[in-house]
Amino acid sequence: MRDCKIVSRKFELPNSHTLEVSKAHGGYKTLEKLREHSPLEIIDIIKASNLRGKGGGGAPAGEKWELMPQNSLKPSFLAVNCDESEPGTFKDRQIITKDPHLLIEGILITCYAIRAKHAYIYIRGEYKQFQDILQGAIDEAYEDGLLKECDITVHRGAGAYICGEKSALLESMEGKRGHPRLKPKQKEPEWFFDNPTLVNNVETIATVPFIVQNGADAYRAFGTEQSPGTLLFSMSGHVQKPGVYEAEFGTSMMEYIRHFGGGVKGGKKLKAVIPGGVSCGVLTAEECENLTLDYEALRCMRSSLGTGGMILMDEDTDMVVALKNILEFYHEESCGQCTPCREGTGWSDKLVAKILEKKGTKEDLNKLLEIADTMNGKTICVFAPAASAVIVDFMRKFRDEFEAKL
Amino acid sequence: MSFMFSKENLLKIEELKKRYPNPHALSLPCLWMAQYQEGFISLDAIDAISQIIHMPSMEIYGVATFYTMFRLEPSEKLIVDVCKTLSCKLCGSDEILEHLEKNDTIKLRHVECLGSCSTAPVMQINDVYYENLTIAKVDAILKELK
Ligand SMILES: Cc1cc2nc3c(=O)[nH]c(=O)nc-3n(C[C@H](O)[C@H](O)[C@H](O)COP(=O)(O)O)c2cc1C
Ligand code: SF4
Ligand code: FES
């Protein structure tokens with residue numbers, strides 16, 4: 001497997017989180033030449049690289065940057081999404097603890113391109129220890145004079161998965177409950193107190209310095225035509241060596257699992273993989289066999305790449321128990337605005353509990369699918385449709401395990 | 001009003017106000033400060049925040065109850081948050097939870113994914129993560145913290 005460390009290049013260095021080590025290894029180099037380009041030229045480079053958002057959706061970053069006004073009377077803002085609450089995902093944490101200066105450098109370039117003078121990093125409340133390391137790096141950057149033209153403020157969440165959704169994140173930053181907003185009909189920026197705002201994931205922003213430094217083609221040299229570059233893929237669950245390992249898009253999933261993860265824990269057989277956080281459709285071991293890790297291949301499997309955080313389950317895993325666990329998560333984390341989501345997540349959780357107690361009937365299985373159907377496409381955000389797809393996938397692919405419990 | 005932010009916190013609040021286009025943005029930061037200062041968020045603290053950021057107390061109360069990490073009541077017992085989500089469950093969090101269930105000197109909470117799935121099972125106590133847990137390890141940690 002080809003070595004391709006773009007974001008994780010400095011991760012293994014001792015004290016990699018400090019300004020000194022960062023600078024000694026090329027950190028902040030892009031800033032020297034940044035002003036040779038106009039903001040629009042930077043956006044063009046990002047567009048040419050086809051960098052895709054690494055927070056789960058894979059939306060082209062350049063197109064989002066382009067929506068930001070270049071001559072607005074109102075101030076523009078950048079909000080960096082470090083809410084990282086998708087189960088199975090722990091990659092942004094690596095960046096903010098192992099190379100926070102790479103993120104800061106990326107923020108400075110991005111703010112220059114979108115003409116923002118202030119960036120916020122919204123970090124999940126549980127990450128306090130890691131926030132302290134990140135804040136230490138920001139303090140160092142201030143002392144070094146790197147943040148003269150652009151401020152960075154870390155904004156701490158307080159335990160709510162839904163605040164990772166970009167509009168809920170901004171509601172939360174506005175001091176309110178983290179309720180996702182209704183989507184606008186046309187493409188436009190996000191809004192923070194009515195000011196145009198760009199929301200990007202930590203890893204997306206941390207990829208920007210490489211692209212600006214080395215050019216769009218250097219980035220496109222990795223990955224596939226439609227999914228260029230690399231991702232901090234990760235593995236957890238029943239895997240020998242869980243962790244985060246950067247790889248290029250298009251890498252074979254099973255090769256990745258063998259090469260970096262050392263295969264399934266305890267030499268057991270693989271039963272299933274949830275590819276990119278629990279909001280992505282579950283895949284059987286057979287489906288994983290010839291699968292590559294890129295947005296297109298996973299979409300073909302009617303799943304999605306998500307955050308690239310794979311959860312492995314071995315042959316002894318009870319899939320009904322696994323679904324119950326995921327539904328508990330959905331029920332707990334629904335923000336409660338939409339009835340199909342609020343009620344559907346709780347109801348389906350109860351039904352699966354009933355099946356696990358061996359009190360379920362065939363009708364309950366049908367009811368589960370019916371509930372899933374009502375949760376799909378009738379809500380403010382995609383949280384409920386994701387839950388719906390998870391239910392349908394588990395029941396379609398592991399129906400026998402559900403029936404065996406009736 | 002019986003709650004007052006410490007001098008240090010008031011200074012912090014003044015600094016933070018300069019960093020946002022609207023003082024409402026300070027609701028979460030202020031709730032955090034109140035919780036660290038008193039151990040929980042009292043209704044008096046909510047009133048104090050309301051005056052500082054010009055947001056109705058009722059709305060701040062609604063915000064405080066939305067986020068799971070805010071506590072509206074004091075807890076005498078040590079709060080132990082154990083992750084119960086899928087990767088941790090696959091790696092043995094049930095055993096840890098069962099063990100801690102029996103311990104009535106702590107306040108055990110089952111929480112969702114802590115973003116530490118590669119070092120499962122995981123728990124968090126007073127902002128600190130404890131990873132790759134075993135029952136023996138959990139006991140040693142709790143003994144240390146007592
Ligand atoms: C329910 C839900 C949860 C999300 N959680 C996160 C998250 O924790 N971190 C993240 O970066 N993006 C998350 N997203 C995606 C964001 O809405 C947004 O698309 C992303 O931050 C944009 O950045 P990117 O284009 O750089 O990926 C979530 C989306 C949804 C619908
Ligand atoms: S779908 Fe669920 S999480 Fe999304 S806005 Fe509606 S209730 Fe909230
Ligand atoms: S599942 Fe427990 S930390 Fe992610």
Side-chain angles (χ1 to χ4, degrees), chain A residues 75 77 84-90 92-93 118 120 124-130 151 153 155-161 163 172-179 192-195 234-239 241-244 265 274 278 309 311-314 317 321-322 325-326 328-329 332-333 335, chain B residues 15-16 18-33 35-36 41 49 53-55 59-71 81 83-91 93-94 109-120 122 124 126-129 131-132:
Chain A
F77 294 104
E84 187 149 83
S85 309
E86 180 68 38
T89 310
F90 39 96
D92 298 338
R93 168 183 169 183
H118 204 132
Y120 302 96
R124 64 179 297 183
E126 292 86 349
Y127 275 5
K128 182 67 173 68
Q129 275 173 286
F130 317 129
D151 280 300
T153 303
H155 195 96
R156 185 182 180 192
Y161 164 79
C163 290
S172 178
M173 271 184 24
E174 289 184 8
K176 296 182 264 182
R177 290 173 158 235
H179 284 171
F192 177 49
F193 291 119
D194 281 330
N195 300 303
S234 48
M235 285 172 286
S236 63
H238 292 145
V239 58
K241 288 186 286 176
V244 176
K265 204 163 157 178
I274 298 176
V278 298
I311 304 172
L312 278 73
M313 290 174 271
D314 71 21
T317 311
V321 172
N325 183 278
I326 298 173
E328 281 170 21
F329 168 80
E332 175 64 34
E333 299 296 346
C335 87
Chain B
E15 283 307 306
L16 274 181
K18 297 179 201 153
R19 292 187 160 261
Y20 293 95
N22 184 315
H24 287 186
L26 267 66
S27 86
L28 264 62
C30 286
L31 286 166
W32 274 122
M33 281 183 222
Q35 180 158 305
Y36 279 108
I41 297 159
I49 297 169
I53 69 171
H54 312 296
M55 196 191 246
E59 205 176 323
I60 301 176
Y61 182 78
V63 171
T65 53
F66 181 79
Y67 298 89
T68 57
M69 294 183 79
F70 290 137
R71 289 193 296 275
D81 289 340
C83 172
K84 58 157 281 281
T85 314
L86 191 56
S87 299
C88 282
K89 190 175 176 80
L90 295 170
C91 296
S93 59
D94 282 350
R109 298 192 302 189
H110 300 215
V111 299
E112 299 295 348
C113 181
L114 287 169
S116 201
C117 324
S118 60
T119 49
V122 190
Q124 181 170 38
N126 293 332
D127 290 338
V128 179
Y129 277 43
E131 305 172 55
N132 295 309

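What you see below is based on every heavy atom in this structure, not just the backbone, and it leaves out hydrogens, waters and symmetry mates. Per chain, numbering begins at 1; letters A, B, ... match sequence-line order.
- Ranking B:Gln35, B:Glu59, B:Glu131 against chain A, the residue ahead of the rest is B:Glu131, based on heavy-atom pairs under 4.5 Å.
- Within the 4.5 angstrom heavy-atom criterion, only backbone atoms of A:Glu174 (N, CA, C, O) approach chain B.
- Ranked by heavy-atom pairs under 4.5 Å with chain B, the list A:Ser85, A:Ala160, A:Ser172, A:Cys335 is led by A:Ser172.
- For A:Cys163, the part lying near chain B is the side chain, with the backbone staying farther off; criterion is any non-hydrogen pair under 4.5 Å.
- When each of A:Pro75, A:Gly309, A:Gly88, A:Ser234 is scored by its heavy-atom pairs under 4.5 Å with chain B, the top score falls to A:Gly88.
- Per-residue counts of heavy-atom pairs under 4.5 Å with chain B were compared for A:Gly157, A:Gly125, A:Gly178; the largest is that of A:Gly178.
- Tested against B:Phe70, the residues B:Trp32, B:Tyr61, B:Tyr36 include a single ring pair (Phe, Tyr, Trp, His ring centres under 6.0 Å) partner, B:Trp32.
- A heavy-atom distance below 4.5 Å is not found between the side chains of B:Gln124 and B:Val111.
- Contact of the A:Asp314 side chain with the A:Lys265 side chain is not registered, since no non-hydrogen atoms from C-beta on lie closer than 4.5 Å.
- Highest contact tally toward chain B, considering only A:Gly159, A:Ala322, A:Pro242, A:Gly243, is held by A:Gly159 [criterion: heavy-atom pairs under 4.5 Å].
- Of the two parts of A:Glu333, only the side chain, counted from C-beta on, holds a non-hydrogen atom closer than 4.5 Å to a non-hydrogen atom of chain B.
- Ranked by heavy-atom pairs under 4.5 Å with chain B, the first of A:Lys176, A:Glu86, A:Glu84 is A:Lys176.
- Heavy-atom distances place the backbone of A:Thr89, and not its side chain, under 4.5 Å from chain B.
- Contact of the B:Met55 side chain with the B:Ile49 side chain is not registered, since no non-hydrogen atoms from C-beta on lie closer than 4.5 Å.
- Residue A:Tyr161: no heavy atom, backbone or side chain, is found under 4.5 Å from chain B.
- Only the side chain of A:Asn195 comes within contact range of chain B, with at least one heavy atom under 4.5 Å from a heavy atom of that chain.
- The shortest distance between side-chain heavy atoms of A:Glu328 and B:His110 does not fall below 4.5 Å.
- No side-chain heavy atom of B:Tyr67 sits under 4.5 Å from any side-chain heavy atom of B:Leu31.
- In this structure, the side chain to side chain contact (heavy atoms under 4.5 Å, CB included) partners of A:Asn325, at least two apart in sequence or on a different chain, are B:Thr85, B:Leu86, B:Lys89.
- Using a 4.5 Å cut-off between heavy atoms, A:Lys241 does not touch chain B at all.
- In terms of heavy-atom pairs under 4.5 Å with chain A, the best-connected choice from B:Cys91, B:Ala120, B:Gly62, B:Pro29 is B:Gly62.
- Using a 4.5 Å cut-off between heavy atoms, A:Ile274 contacts chain B through its side chain alone, with no backbone atom that close.
- A donor-acceptor pair is defined here as one N or O able to donate and one able to accept, closer than 3.5 Å; such a pair exists between the side chain of B:His24 and the backbone of B:His54.
- With a 6.0 Å cutoff to the six-membered ring centre and a 45° limit on the axis angle, A:Arg93 does not count as a cation-pi contact of A:Phe90.
- Considering only heavy atoms from C-beta on, A:Val244 stays 4.5 Å or farther from B:Ser118 through its side chain.
- Most heavy-atom pairs under 4.5 Å with chain A: of the set B:Thr65, B:Thr119, B:Leu90, B:Leu16, this distinction falls to B:Leu90.
- The shortest heavy-atom contact between A:Arg156 and A:Lys128 is NH1-CD, 3.4 Å.
- Contacts between A:Phe193 and chain B at a heavy-atom distance below 4.5 Å involve the side chain alone, from C-beta outward.
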